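These notes are about the structure you will find just below.
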Protein chains: 2
Amino acid sequence: MSGIAAAGRPLRADARRNYDKILAAATEVFAEQGAHASLDHIADIAGVGPGTLYRHFPTRNDLIAAAIDTSWSDLAQRGSELDDAADPLTALRDWLLGLAQHSGIYGGLAECIAPAFAGETSPFRPTCDSSVAVTETLLARAQAAGLIRQDVKASDLVVIANSLAWATDHNGASTRDLPRLLDLMVMGLA
Amino acid sequence: MSGIAAAGRPLRADARRNYDKILAAATEVFAEQGAHASLDHIADIAGVGPGTLYRHFPTRNDLIAAAIDTSWSDLAQRGSELDDAADPLTALRDWLLGLAQHSGIYGGLAECIAPAFAGETSPFRPTCDSSVAVTETLLARAQAAGLIRQDVKASDLVVIANSLAWATDHNGASTRDLPRLLDLMVMGLA
DNA sequence: GACAAAACGGAGACTGTCTCCGTATATTCG
DNA sequence: CGAATATACGGAGACAGTCTCCGTTTTGTC
């Protein structure tokens, strides 16, 4: 992504090259083996030493965050465009479904993201914040239209979406159950 | 718990003693450190070698299942008594809340249990089955009273309860958010 | 008390995480 | 271009956790 060191100084050519190789390897391996894949193995695939991997991405979450950055930003982007949708309730529902499904791109991803939704500092923080912001907008519109109870909070919805994503990849439920579970929640049980 | 080897033969005195010591240590350590605590450490606390621990409890889940056995059975017991409750909807809601809260006794427990709800073989299977059975009964009553949609399945509710338990101990939500999240779901968003 | 069956326990193989630092590569500057 | 310096590399290895194997010890039985 950035290609820029934390300081602001541009990366040295070889460093930049390795950064990209690691990210490519990570994307592939995470997709295959889930977010818990061995980091040393990713370094192997990238053709670099473990030290190099950890220098660029000090924690697992740093690496995962970099790997999902574009797809997650895209999601938030599309979400913010749902503002203009005809039916506020459907818009909200579609957004939450997209959010939950996105956590399914790597097995175990929902678990990594969860703490960020809780407010802890994490590499997922920025994108998390924008997700909550989108949710807030869509929720406000649905509430204004009298379609959703006033006491529902955006953070509740985000947590629930992420929980259902978790349930999905822990086989507590299969992927195709996701929409039904979400609808159950949005539409209510009654 | 059992005190009986898989075969059916009674355990030798020393084996029996160690079984109990391990279980006591596990209960304590799991409560302190969560369900991911080191098993070798539990063996240490129990004053036995790792080999002994693994002989009695071949997998982590075997140990956890033994540790929560009584409390979980009690829960199912109390649940089945809710059949006589005045309001079927409240009864169902209370049961699901109890189920979700129970997974909170050890951090990370919801994760261990999840696969069992999905039907995979697991030491949690038996108790899981009885939980689902209780849920089915309570759900059927609420549906018969026209309080819950007909297409809702007991397994959905159990999965959702467990997911919320997970959300709780991953700080995606705090313990005191649990009832609200559950109500949101049971009562619906509208 | 002796024999066989049952159980113990801990050394150690293995996997994954993460760091340290001697070596190599890039960039800058004379 | 050829130092000099900053930057980055990589892999050996420390550490933690899981789990097993097998020589030794304990228990139950006759």
Side-chain angles (χ1 to χ4, degrees), chain A residues 2-26 29-30 32-67 106-108 111-112 122-123, chain B residues 2-26 29-30 32-67 106-108 111-112 122-123:
Chain A
S2 71
I4 302 290
R9 202 187 317 95
L11 285 176
R12 226 173 67 174
D14 53 350
R16 167 83 224 208
R17 209 157 41 227
N18 282 332
Y19 182 100
D20 291 342
K21 283 195 292 182
I22 293 167
L23 207 45
V29 174
F30 283 147
E32 246 172 47
Q33 310 186 3
H36 293 98
S38 156
L39 297 184
D40 278 23
H41 177 238
I42 290 177
D44 264 359
I45 298 289
V48 304
T52 300
L53 186 147
Y54 284 99
R55 197 174 322 104
H56 283 294
F57 305 97
T59 72
R60 175 183 296 275
N61 278 354
D62 286 315
L63 182 51
I64 298 176
Y106 304 146
E111 249 163 296
C112 299
S122 138
Chain B
S2 69
I4 302 289
R9 203 186 314 95
L11 285 176
R12 226 171 67 174
D14 53 349
R16 169 82 224 211
R17 207 158 43 227
N18 282 333
Y19 182 100
D20 291 342
K21 282 195 291 181
I22 293 168
L23 207 45
V29 174
F30 284 146
E32 247 173 44
Q33 312 187 2
H36 294 98
S38 156
L39 296 184
D40 278 22
H41 177 239
I42 290 176
D44 264 359
I45 298 291
V48 304
T52 301
L53 185 147
Y54 285 99
R55 196 173 324 105
H56 283 294
F57 305 98
T59 72
R60 176 182 297 274
N61 278 354
D62 286 315
L63 182 52
I64 298 176
Y106 304 145
E111 249 164 295
C112 299
S122 138

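Basis for what follows: all heavy atoms, side chains included, without hydrogens, waters or symmetry-related copies. Fair warning: this is a prediction, and the values are worked out from it, not measured in the lab.
Between B:Thr52 and C:dA7 there is no side-chain polar atom (N or O) within less than 4.0 angstrom of OP1 or OP2.
Sequence neighbours left out, not one pair with a member in residues 35-54 of chain B passes side chain to side chain donor-acceptor pair (under 3.5 Å).
Nearest heavy-atom pair across A:Ile42 and A:Ile22 is CG2-O, 4.1 Å.
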Heteroatom pairs (N/O) under 3.5 angstrom, protein to nucleotides 3-5 of chain D:
none

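Residues satisfying the side-chain hydrogen bond (donor to acceptor under 3.5 Å, both in side chains) criterion with A:Arg17, sequence neighbours excluded, are absent altogether.
A straight line from CG of A:Asn61 to P of C:dC18 spans 11 Å, rounded to a whole angstrom. Rounded to whole Å, the distance from NE2 on B:His56 to P on C:dA6 is 14 Å. Regarding A:Arg16, its CZ atom lies at a distance of 17 Å from the C1' atom of C:dT27, rounded to whole Å. One interatomic measurement links the two molecules: OH of B:Tyr19 to P of C:dG9, which rounds to 17 Å at whole-angstrom precision. Rounded to whole angstrom, the span from the CG atom of B:Asp20 across to the P atom of C:dA7 amounts to 14 Å. Spacing between atom CG of B:Asn18 and atom P of C:dA6 amounts to 17 Å, rounded to whole angstrom units. For the pair B:Ile42 CD1 and D:dA16 C1', the computed distance is 15 Å after rounding to whole Å.
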Could you list the donor-acceptor pairs under 3.5 angstrom formed by side chains in residues 55-63 of chain B, with sequence neighbours left out?
residue: B:Thr59; atom: OG1; partner: B:Asn61; partner atom: N; Å: 3.4
residue: B:Thr59; atom: OG1; partner: B:Asp62; partner atom: N; Å: 3.1
residue: B:Thr59; atom: OG1; partner: B:Asp62; partner atom: OD2; Å: 2.9
residue: B:Arg60; atom: NH1; partner: B:Ala35; partner atom: O; Å: 2.8
residue: B:Arg60; atom: NH1; partner: B:Ala37; partner atom: O; Å: 2.8
residue: B:Arg60; atom: NH2; partner: B:Ala37; partner atom: O; Å: 3.2
residue: B:Asp62; atom: OD2; partner: B:Thr59; partner atom: N; Å: 3.2

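Stem regions annotated for DNA chain C: C:1-30 with D:1-30, counting only runs of 3 or more consecutive pairs of Watson-Crick or G-U type with both contacts under 3.5 Å.
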For nucleotides 18-30 of chain D, just jot down a letter per nucleotide in 5' to 3' order: B, S or -, based on protein non-hydrogen atoms under 4.0 Å. BBB-----BSS--
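Considering CG of B:Asn18 and CG of B:Leu11, their distance stands at 10.0 Å, rounded to 0.5 Å.
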